[in-house]
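What you see below is based on every heavy atom in this structure, not just the backbone, and it leaves out hydrogens, waters and symmetry mates. In what follows, every chain begins at residue 1, and chains take the letters A, B, ... in the order their sequences are listed.
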Amino acid sequence: MMHSEKYALLNEPQKEAVFHTEGPLLILAGAGAGKTRVLTHRIAYLIEEKNVPPYNILAITFTNKAADEMKERVQKLVEFGDSVWVATFHSTCVRILRRFIDRLGYDTDFTIYDADDQKTAVRHVVKELNLDPKMYRERAMVNYISDAKTEMLSPKDKLEEAGSDYRARTEAQIFDAYEKMLKKNNALDFDDLLLKTVQLFEENEQVLSYWQDRFRYILVDEYQDTNEAQFKLVWLLARKHQNLCVVGDDDQSIYRFRGADIRNILEFEKHFPGTKVVKLEQNYRSTTHILDAANAVIRHNRGRKEKHLWSDLGEGIPVHFRFYDNAYQEAEEVVRTVVKGVRGGAHYKDYAVLFRTNAQSRLFEERCLLQNVPYQIVGSVNFYQRQEIKDLIAYLKTVAGGRDDISTRRIINVPRRGIGDTTLDKVASYASLKGLSLMEALRYIDDIAGIERAKTKLSAFYHLIGKLREQAGLLPDGRPSGEEVEFDELIRAIIDETDYYSTLEDFEDEKKEQKKENIEELISKAKDFQENYDGDHEATLSDFLEEIALVADVDAMSDDDDKLLLMTLHSSKGLEFPTVFLAGCEDGLFPSYQSISSGDYMDVEEERRLCYVGMTRAKKELFISGARMRTVNGETRYNDISRFVLEIPGNMLDNGALLKSGRTDRTGYDSDDRGYKGFSFKDRSVSDSYGGSFGSSENGAYGGGYKSPSGSSYTAKKPFTPPKPATFGRTFEVKKADGLEYGVGDRVQHMKFGCGTVLEIVDGKKDFEVAVNFDEYGEKRMFASFAKLKKIDS
DNA sequence: CTCCTTTGTCTTTTT
DNA sequence: GACAAAGGAG
């Protein structure tokens, strides 16, 4: 009544979902159907209309970003919205475990191991067991362990499962030793966070009951991506009150490879009898041309819930499709299309280029640099996984005084202190003999045999950490001294005391600067965290370490940056853009070769869902493209048009009639890998038909200017070299470069292209235009403000 | 113990 | 083609 206004803007099914508050509810929300809106309104409705204390509501998401967004929107929508528990699965678990994990025999100050630490742990274990690291690769073993954990199988289970199979038994033994190692280090990996919480609930009726009553109303976002452990967690929590609302779209489940089980959403009604199902099928994002094409693709999956996604945003622009002769050309045309759009009044941030693999970003990146297009690569290298950041965090962890040996090992010889593996192994074996951590063992350095030569070095390190602990407001053994510390100052102290910057000397100046910038970023993050901490106590070092352990990416894009976005399809989930480029649509790349040849049709189906996710990111315009020839992992490959593109009826594409030839010419990939790397001449007719730039005939007007090397290009086996961009008409009218630190004839350095000689500087209206002949990349023209050229001595 | 060369490896990856 | 890790020489 008094709140009805708030809910009046919802459509009928959305209202249904918001108002159905009691009992299990499954919301099948198609792409762009407003699911976040439903979730936030539902929370508001529970609080305002049903008088549910915000304290009793739990909303779980997968990403921090989604959690932050939801938090913000709930706060805007309803009073006391900020006391609703909105968090990711993992941070929810951490918060629960910090209070109760002692019941499972762990200390509540456990550390969290990321993928890197896991690898290190596996490496140590394999070595410890005297196994051949080539036979038991760390990457494979990490996957094995993670898979086992997601299925909630213990080392014992795996050993039984192995039977008499030697290899399987050994793997189970590695798993077992890995578990013991983590336990010894009081560490949990990401999978453990979920697993241990489930275990805690299963073994402690009272603890479970406490949380069940605490979270009387539970909402789960992206439910299609839950794995077994996450399902179990939700099931345990919701079992008592049954007020569980999950939102998801089976067509957007793209994390099967990480253990997500699509059956969780498909069989939700089985797990929760009496479930009400609401379908949200009106799409508020895309025009029908885009939606129809996406529907045409996803229709080819079996075992999905039938949906009729529709939109009243009008037909819009037909989906574009181009198949280029090579990947360079594809990148060039994509960037050129963006440039044209921006000239026509659009912003760079209106565009996103999506691709299957991170490696593909490089071509677009180079092209952007070349054409002075500001760009941002989203989520390729996680900030907190960068070497220098991990080093400093390892120092922080060691200083903070956990028993995390992996961190100690990481930094004990960084910078070089002359402490090598042999020494370390001796300390480690002494430590394990006495049940101590590495740091603790160093206290008894005189008792350790056979390390005479390194003894002074080790004790110097020990005292260094002791000194840092003092500065961190800790006593030498790690207990708090009551003294307050500024995090940023502590990190600076670590850098100074250890002379950390000396480790950066090996890197090129450009890289060195980058690393220093990253470190500054970390310092300001730390400061920021401490100043804005909203817990019920002063922020401790452990609080900070925990925060960053669970954060994936700090350099999340902000809306006010006007940049072209480059990202993988996976990172694009949940986002939307006026114009989307779906690049690299080639059989063997997307869908990937592995998924095609695995023999499991579910693998290709997952990629198809990925395709669907990508296509439905577009609001107004969708460009699909691919390239016949591209180098992957150093070898040249010739690919056909992606099967996903062929699944779109020709009349839905702007030049779809051409697809027909593609369809008939396609060689059978499903049976084997024949013809995958090889090139079949049958295909040539297809390729020749597809050249040309996106929606433009004035090829060559900007930058590039080469035409498809039609036909003849396939006879040559020589590797393709990117064509030199045509230069703008030369004027030879050399202007004096006031405002620039370099002039014609000077040697300069560019972040991407290395060293070169300045050929020409043209004073444009807004910027200097510089032509440089690079030693390795040849002649390039660029705007001075973007190029950031540095003068070097020649 | 460290530095340099060689070898092998490569999807996606919210935490 | 790029990067990390292992192996060998100083």
Would you indicate what [X] reaches in the nucleic acid, counting non-hydrogen atoms under 4.0 angstrom: base, sugar-phosphate, or nothing?
X: A:Ile112; result: nothing
X: A:Tyr255; result: base
X: A:Gly634; result: base

Distance test, side-chain N/O of A:Thr423 to OP1/OP2 of B:dC1, below 4.0 Å | yes
Would you please confirm or rule out a distance under 4.0 Å between OP1 or OP2 of B:dG8 and any side-chain N or O of A:Asn633?
-> no
Could you check which nucleotide pairs with B:dT2 in any of the strands shown, counting Watson-Crick or G-U wobble with both distances under 3.5 Å?
-> C:dA9
With nearest nucleotides of DNA chain B determined for A:Ala549 and A:Phe257 from heavy-atom distances, which residue corresponds to the more 5′ nucleotide?
-> A:Phe257
Earlier contact from the 5' end, DNA chain B, for A:Gly418 and A:Ser571 | A:Gly418
Tell me: [atom1] of [X] to [atom2] of [N], nearest whole Å?
X: A:Arg356; N: B:dT13; atom1: CZ; atom2: C1'; answer: 10 Å
X: A:Arg258; N: B:dT14; atom1: CZ; atom2: P; answer: 7 Å
X: A:Asp132; N: B:dT7; atom1: CG; atom2: C1'; answer: 14 Å

Identify the residue among A:Asp191, A:Asp189, A:Asn227 that makes a side chain to side chain donor-acceptor pair (under 3.5 Å) with A:Lys149.
-> A:Asp189
